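In listed order, ligands and their atoms are each counted from 1. Here the structure is a predicted model, which is why all the values come from computation and not from measurement. Side chains are part of it too, since the values below use all heavy atoms of this structure and drop only hydrogens, waters and symmetry mates.
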Amino acid sequence: MSFESMGLAPFLLRALTEQGYENPTPIQEQAIPLALEGHDLLAGAQTGTGKTAAFGLPLLQHLGTTPQPVNGPRRPRALILTPTRELAAQVHDSLRGYSKYLRIPSAVIYGGVGMGNQIDALRRGVDLVIACPGRLIDHLERRSVDLSGVEILVLDEADRMLDMGFMPSIKRILAKLPKQNRQTLLFSATFEENIKQLALEFMHNPKQVQVTPSNTVADTIAHRVHPVDGSRKRELLLHLLSADARVQTLVFARTKHGSDKLAMFLDKSGVKTAAIHGNKSQGQRQRALSDFKAGRVNVLVATDIAARGIDIDQLPRVINFDLPMVAEDYVHRIGRTGRNGSTGEAISLVAQDEAKLLRQIVRMLGRDMDIRDVPGFELQTPIRWGNSAPGKAEQPGGERAPRKSHARRPHPQGEAPRRAHAGPKKPGGGQRNAGPRQQQPSGGRRDGGQRRSSAPRQG
Ligand code: AMP
């Protein structure tokens, strides 16, 4: 299917061509025709699937082709709710690109910045509002926004909004919208019970579309695990980053404080680094993101929530400094690399106390991971993986065969691969503590060995 055959208007087609979009992505193919027909939609799609255009194009077509009501002051006709400021800003940017040949006055509404500009924009009159729920409630309370004219509502990343505790705010916002003649498009990576309830309550005979089940990641990603003592993670990270300082790398840390400390440490150690998390001001976050995108910094340290929705094409490497607490977040993190068929690396630094988390991740992914020591960072006491080994350890004496054949292969009982054990059957023996020549990564980068003679840098 092409964009033309979906019935998109010429003013959108022209903009899409200029953006270099040749063919619709699967979620766009499924969602756009239904949305153009006016159906409510429950769409299962993650960041990276092209979901923004999947709801944005039908929304813009509606605004651009249906005359706005004539009486009264201009009120928003479309509302997009997003969980984070970054996502709100990105959706706004994307829609500005798609609506280049339309005049759609719009406003982005989020917290962490002054109210003044937002109030001014709303007062001047806008057709489209892209908002985070909390700040939108502030505007509703001040009566600086009137949502009674909204014809299309989009809930973007609905699961994350609910995870972040926005359900009460969303319900308050929904209560201010017209009940009749409103189209609702709900996009979510997962469909837990609370999302279904929200849909039942507020949607009208929604059609369901779904791409990429939430527990799969691109086949082109190599997943690697480096066991390491928790207290030496920073050194190991620096060691890996220094091996090839030019690879743009997104590093995930669990806490805001931890990501700040880590970013400071890396920066002081000579790796150009920025951090992005909820305690940073909006300006700081945007600067960090644009510096990273432009290559002015090579490493971006992020927490899960702050990184949600970050749109970076062709990110070659993601490093989990800490494993995520929830296995699904691994998929969200790794979803930022290996897009559009490009190859990517997902590296996790795993300490003793994270073995259980790793097992859960492997079970959810249903695929093997390479587990390999980095020489100089071997654990004194190797990690006990238990019965359910998270993946295959590198066999001594040879390169690992490409693992594409394992990718996405379902494991019958949802079990982690069991054929090879990561944990040492014979502690201290053979494969786990093999020397650098036996541990070279299959991807060509040799993070083992090259620093063996010199002690890793101290943090
Ligand atoms: P999203 O899932 O909306 O965050 O989109 C992920 C990335 O894919 C963004 O950089 C979009 O600009 C890009 N994209 C979306 N749709 C298409 C398409 N049909 N062709 C090429 N790139 C696209």
Side-chain angles (χ1 to χ4, degrees), residues 1-9 12-33 35-36 41 43-61 78 80-100 108 128 130 154-161 185-190 209-214 216-218 220-221 248 250 276 289-290 292-294 300 302 304-316 318 331-342 344:
M1 197 183 267
S2 65
F3 282 118
E4 286 84 352
S5 64
M6 287 178 172
L8 287 174
L12 293 174
L13 294 174
R14 199 167 149 204
L16 291 178
T17 307
E18 284 179 22
Q19 301 262 327
Y21 290 15
E22 290 173 5
N23 295 302
T25 65
I27 191 65
Q28 292 162 4
E29 252 181 36
Q30 293 184 49
I32 292 174
L36 285 175
L41 273 192
Q46 302 170 5
T47 295
T49 55
K51 66 183 170 67
T52 315
F55 62 73
L57 295 171
L59 179 150
L60 293 170
Q61 177 136 329
I80 302 173
L81 291 178
T82 72
T84 64
R85 312 159 189 187
E86 284 75 19
L87 187 57
Q90 274 171 26
V91 169
H92 189 229
D93 281 351
S94 297
L95 265 57
R96 261 217 303 250
Y98 306 146
S99 61
K100 191 172 165 196
V108 200
L128 168 63
I130 299 160
V154 178
L155 297 165
D156 191 11
E157 302 198 354
D159 51 348
R160 187 50 58 139
M161 283 199 276
L185 311 175
L186 184 154
F187 280 68
S188 188
T190 56
V209 295
Q210 171 90 38
V211 293
T212 348
S214 61
T216 59
V217 292
T220 48
I221 297 173
Q248 290 295 101
L250 183 57
I276 185 166
L289 193 56
S290 57
F292 185 63
K293 282 185 175 184
L300 186 65
D304 285 292
I305 288 187
R308 188 69 190 180
I310 287 181
D311 171 22
I312 306 157
D313 278 344
Q314 314 286 348
L315 186 60
V318 172
V331 175
H332 294 309
R333 291 179 175 189
I334 303 313
R336 289 147 218 290
T337 180
R339 285 185 185 176
N340 306 325
S342 63

Please work out, at 4.0 Å between heavy atoms, whether the side chain, the backbone, both, or neither of Q90 comes within that distance of ligand 1.
neither
S5 side chain to M1 main-chain N or O, any donor-acceptor pair under 3.5 Å?
no
With heavy atoms of N23 as the reference, note each atom of ligand 1 found under 4.0 Å away.
18 (C), 19 (N), 20 (N)
Measure the spacing between OG1 of T25 and CD of Q30 and express it to the nearest 0.5 Å.
9.0 Å
With a 4.0 Å cut-off on heavy atoms, does L16 reach ligand 1?
no
Polar atom proximity, G20 to ligand 1 (N or O, under 3.5 Å)
no
With F55, which of L41, V91, L60 fulfils side-chain contact (heavy atoms from CB on, under 4.5 Å)?
V91
Check F3 against ligand 1 and report side chain, backbone, both or neither, counting heavy atoms closer than 4.0 Å.
side chain
Apply side-chain hydrogen bond (donor to acceptor under 3.5 Å, both in side chains) to residues D159 and T190 and explain how you reach the verdict.
CA-CA 6 Å; D159 51 348; T190 56; 2.9 Å; yes
Using the rule given for side-chain contact (heavy atoms from CB on, under 4.5 Å), can you reason through D156 versus K51, listing the C-alpha separation, both sets of side-chain angles and the distance that settles it, and then say yes or no?
CA-CA 9 Å; D156 191 11; K51 66 183 170 67; 2.9 Å; yes
Out of curiosity, L81 CG to I130 CD1, how far, rounded to the nearest 0.5 Å?
10.5 Å
Could you say whether the N/O atoms of Y98 and ligand 1 ever approach to under 3.5 Å?
no
Residue T52 vicinity, atoms of ligand 1 by number, heavy atom under 4.0 Å:
1 (P), 3 (O), 4 (O)
Considering both backbone and side-chain atoms of K51, is one of its nitrogen or oxygen atoms within less than 3.5 Å of a nitrogen or oxygen in ligand 1?
yes
